[in-house]
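Some notes on the structure that comes next.
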Amino acid sequence: MKIKLKINILIYTAFWCLLIGILTAAYLDLVNWVIHFFWKFLPAVSHIPSYWLPFIICLPFGLIIGILNKRLGNYPLTVGNVLNEIHTKGRINYHNWWKNMTLGLFVLGGGGDIGPEASTTALTAGMVNWMGDHIKQAWYTTNTSFITQLKTLWLTPLNNPNSSTTFRSLFKNTTRYKLYILYGVCWSVLGLAFFFKHFPQEGVFGIHHPHIDWQIQGLLVIIPAILLGWAFGRY
């Protein structure tokens with residue numbers, strides 16, 4: 001592979017992973033806003049007693065969710081659904097992102113206890129899969145023009161978006177594969193932190209940065225905890 005293509009893909013990956021982190025954070029903020037709107041704002045302006053809210057909000061939302069589930073399918077996908085689809089098919093169908101987003105907002109807004117991480121996992125996994133498909137498509141191209149290569153990465157239609165071939169199959173060296181993952185995750189976390197820094201959120205899901213007075217004694221707990229967590233994960 002030409003060095004220019006490698007550089008272009010690294011730039012492309014950094015840009016999209018940064019954007020994926022921002023969009024993930026924006027969705028979590030949107031979830032908080034929807035919940036606050038229906039369960040805090042509307043009752044406050046309409047002076048609805050809190051004990052009536054389950055009937056006024058949950059019943060209509062339950063009807064709407066039931067109709068949408070019947071027409072669109074069993075969405076939003078749970079974390080277990082996402083992991084199972086990836087393990088069995090090697091990918092996730094990102095064309096259904098709008099179903100996960102729509103049903104996720106309805107379920108969470110209506111008081112459903114699926115947790116914001118459920119639909120968020122499906123949306124984030126879909127964005128990552130979409131990006132990987134475009135990188136895979138451009139991986140074997142020979143054009144080394146920077147602008148042309150970026151256009152190829154962005155505009156070229158996918159040959160077979162439903163194939164089970166994954167981005168992992170491009171790398172025989174698993175170490176390189178893990179480095180690409182780490183590279184992308186770092187940019188995504190940066191995008192997430194950037195969004196939450198400028199748009200801090202409160203509510204069901206919040207990320208904060210409290211001041212912590214670190215002491216050396218904490219290492220006696222933190223380091224063994226990390227090692228035990230790693231060992232349990234490997235097991």
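Every value quoted in this text rests on a predicted model; they were computed, and no experiment measured them.
Looking at Leu108 and Val34, their side chains never come closer than 4.5 Å, going by heavy atoms from C-beta outward. Between Phe232 and Leu228 the shortest side-chain heavy-atom distance does not fall below 4.5 Å. Residues Phe38 and Leu53 are not in side-chain contact: their nearest non-hydrogen atoms beyond the backbone lie 4.5 Å or more apart. Considering only heavy atoms from C-beta on, Thr24 comes within 4.5 Å of Met127 through its side chain. Counting only heavy atoms from C-beta outward, the side chains of Leu68 and Lys99 never approach each other to under 4.5 Å. In this structure the side chain of Ser119 never reaches within 4.5 angstrom of the side chain of Tyr75, judged on heavy atoms. Taking the side chain as every heavy atom from C-beta outward, Phe195 and Asp29 approach each other to under 4.5 Å. Side-chain contact between Leu105 and Trp33 is absent, with no heavy-atom pair separated by less than 4.5 Å.
Summarising the geometry of Cys58 relative to Gly110, their closest heavy-atom pair is SG-O, 3.5 Å, with the distance given to 0.1 Å. Taking every heavy atom of both residues into account, Gly109 and Phe61 meet most closely at C-CE2, 4.1 Å. For the residue pair Pro76 and Asn100, the shortest heavy atom distance occurs at CA-OD1, 3.5 Å. Glu85 and Leu77 get closest at one heavy-atom pair: OE1-CD1, 3.9 Å.
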- Which is it for Ile92 and Val82 under the side-chain contact (heavy atoms from CB on, under 4.5 Å) test, yes or no, and what are the steps along the way? CA-CA 7 Å; Ile92 184 171; Val82 173; 3.9 Å; yes

Could you walk me through whether Phe106 and Ile64 pass side-chain contact (heavy atoms from CB on, under 4.5 Å), step by step?
CA-CA 8 Å; Phe106 270 106; Ile64 295 172; 3.7 Å; yes

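Separating the CG atom in Leu103 from the CD1 atom in Ile65 is a distance of 7.5 Å, to the nearest 0.5 Å. With values rounded to the nearest 0.5 angstrom, Leu123 atom CG is found 9.5 Å from Leu23 atom CG. The structure places CG of Leu72 at 9.0 Å from CG of Asn96, a figure rounded to the nearest 0.5 Å. The line from CG of Leu192 to CD1 of Ile20 is 12.0 Å long, rounded to the nearest 0.5 Å. To the nearest 0.5 Å, atom CD1 of residue Ile48 and atom CZ of residue Phe55 are 13.0 Å apart. Rounding to the nearest 0.5 Å places CD1 of Ile57 at 7.0 Å from CG of Leu42.
Using cut-offs of 30° and 60° on the angle between ring planes, the pair Phe41 and Phe37 is parallel.
Centroid-to-centroid, the aromatic rings of Trp130 and Trp16 come within less than 6.0 Å.
Without hydrogens or angle criteria, Tyr27 side chain to Thr120 main chain gives no donor-acceptor distance under 3.5 Å. Looking only at distances, no side-chain donor or acceptor of Asn129 sits under 3.5 Å from a matching main-chain atom of Tyr94.
Hydrophobic clustering (ILVMFWY, side-chain heavy atoms < 4.5 Å, transitive): Ile67 and Leu59 are in distinct clusters. Hydrophobic clustering (ILVMFWY, side-chain heavy atoms < 4.5 Å, transitive): Trp230 and Ile223 are in distinct clusters. Under the 4.5 Å side-chain heavy-atom criterion for ILVMFWY residues, no single connected hydrophobic cluster contains both Val79 and Val31.
Within 6.0 Å of the CH2 atom in Trp39, the count of heavy atoms belonging to other residues, nucleotides or ligands exceeds 12.
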